[in-house]
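Working notes, structure below.
Since this is a predicted model, take the numbers as computed values, not measurements. Heavy-atom basis, side chains included; hydrogens, waters and symmetry copies ignored.
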Amino acid sequence: MIVTLEPKHTKVIPEITQQDVMVYQGHDRRTVTGWIPVKGDKAGLALAILIDDSAGFSLGSQLNEIRTFIQAQAPTTLVAVGYMQNGTVFMAQNFTQDHTAAAKSVRLAQGFYGAEASPYLALSDFIKRWNSGPAVPRREVLMVTSGIDNVYMGVLDNPYVDAVIQDAQCAGIVIYSIYTPSAGHLGHSYFRTTWGQNYLSEITEATGGEAYDLLGPQGAVSFAPYFKQVNEQLPNQFLLTFLAKPQKKAGTESVKVTSEIHDVDFVHADKVCVPASPGE
């Protein structure tokens, strides 16, 4: 799993070795078998920028900031750009190290609700079709969306949110999100916007990422501060492996990463997929 280190009191992250790391599966401490900084041949990153095609006109003022963010990525980083619509992702640019080409593929959102529009159905579909490989150990997503689900009209226990969390956790994918208002009436509905932002916070926290918003229907004047934070976090990630305890049935298990060094936070998915015990 991917673990991001964040300093608590200063801007300096203390050195954390494998011996410093403690992993708990539930209440049981598990053996750490690998703690590798994302450097050199372990720095491989595939970063998907997924933009909600129902976003409103205010997104237009941030397009150049999105392009700048893409071009600021490390030369080895694979970047893809896609647009979420109709429960799937339409790729404007497949994964490439040509960041200029990826930046050029960024366009205005179409600004309407597609049939059965749900950013969570689209993200689940994208994750299921995303092939992994040892050459690129990190897979991460940055969603630009209001988070409003036009399929599930309830509030609590959104099944599509629950499903995408499990899909991402089992795939080891970290999700970040930036709020941007939707087009139309729902784009200024405080009720729908609040739940959209709650869903995004739930997904990002459960997968080890972060949600960026202003706690209301208004969008940020600039995405640049958010991109700055993401760019500061990506180099401070580690690849963690540990010996998980299998259960009778395969499924997700709660996990906590910590240390006796208290000047740093360990940011990671709160669950991992664990296979069933052999013979079960």
Check whether more than 12 heavy atoms from other residues, nucleotides or ligands sit under 6.0 Å from atom CZ of Phe90, and answer yes or no.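 Yes, enclosed.
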
Report, as yes or no, whether the 6.0 Å neighbourhood of atom NE2 on His27 holds more than 12 heavy atoms from other residues, nucleotides or ligands.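 Count not over threshold, so no.
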
Look at the side chain of [X] and the backbone N and O of [Y], then say whether any donor-acceptor pair between them is shorter than 3.5 Å.
| X | Y | result |
| --- | --- | --- |
| Asp52 | Ser54 | yes |
| Gln62 | Phe223 | no |
| His268 | Met1 | no |
| Ser277 | Gln247 | yes |
| Arg67 | Val106 | yes |
| Ser105 | Ala102 | yes |

Is [Y] close to [X] at the side-chain level, that is, under 4.5 Å between some pair of heavy atoms?
| X | Y | value |
| --- | --- | --- |
| Val21 | Ser259 | no |
| Glu202 | Asp162 | yes |
| Thr10 | Asp263 | no |
| Cys170 | Thr252 | yes |
| Val151 | Tyr120 | no |
| Thr180 | Ser58 | yes |
| Val81 | Ile70 | yes |

Measure from the ring center of Phe227 to the ring center of Phe69 and say whether it is less than 6.0 Å.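 Centroid separation for Phe227 and Phe69: below 6.0 Å.
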
What about Trp130 and Phe95, are their ring centers closer than 6.0 Å?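 Yes; Phe95 has its ring centre under 6.0 Å from that of Trp130.
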
As an exercise, state the distance from [atom1] of [X] to [atom2] of [Y], rounded to the nearest 0.5 Å.
| X | Y | atom1 | atom2 | result |
| --- | --- | --- | --- | --- |
| Asn158 | Asp149 | CG | CG | 5.0 Å |
| His99 | Thr77 | NE2 | OG1 | 5.5 Å |
| Met22 | Glu260 | CE | CD | 5.0 Å |
| Glu140 | Leu47 | CD | CG | 7.0 Å |
| Ile127 | Ile175 | CD1 | CD1 | 4.5 Å |

[X] and [Y]: side-chain donor and acceptor closer than 3.5 Å?
| X | Y | result |
| --- | --- | --- |
| Thr88 | Asp125 | yes |
| Glu210 | Thr204 | no |
| Asp20 | Thr17 | yes |

Measure up the Trp35 and Phe238 rings against each other and bin them: parallel (under 30°), tilted (30 to 60°), perpendicular (over 60°).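 Trp35 vs Phe238 ring planes: parallel.
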
Ring-face cation of Arg107 near Tyr83 (centre distance under 6.0 Å, axis angle within 45°):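 So Arg107 does make the cation-pi contact.
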
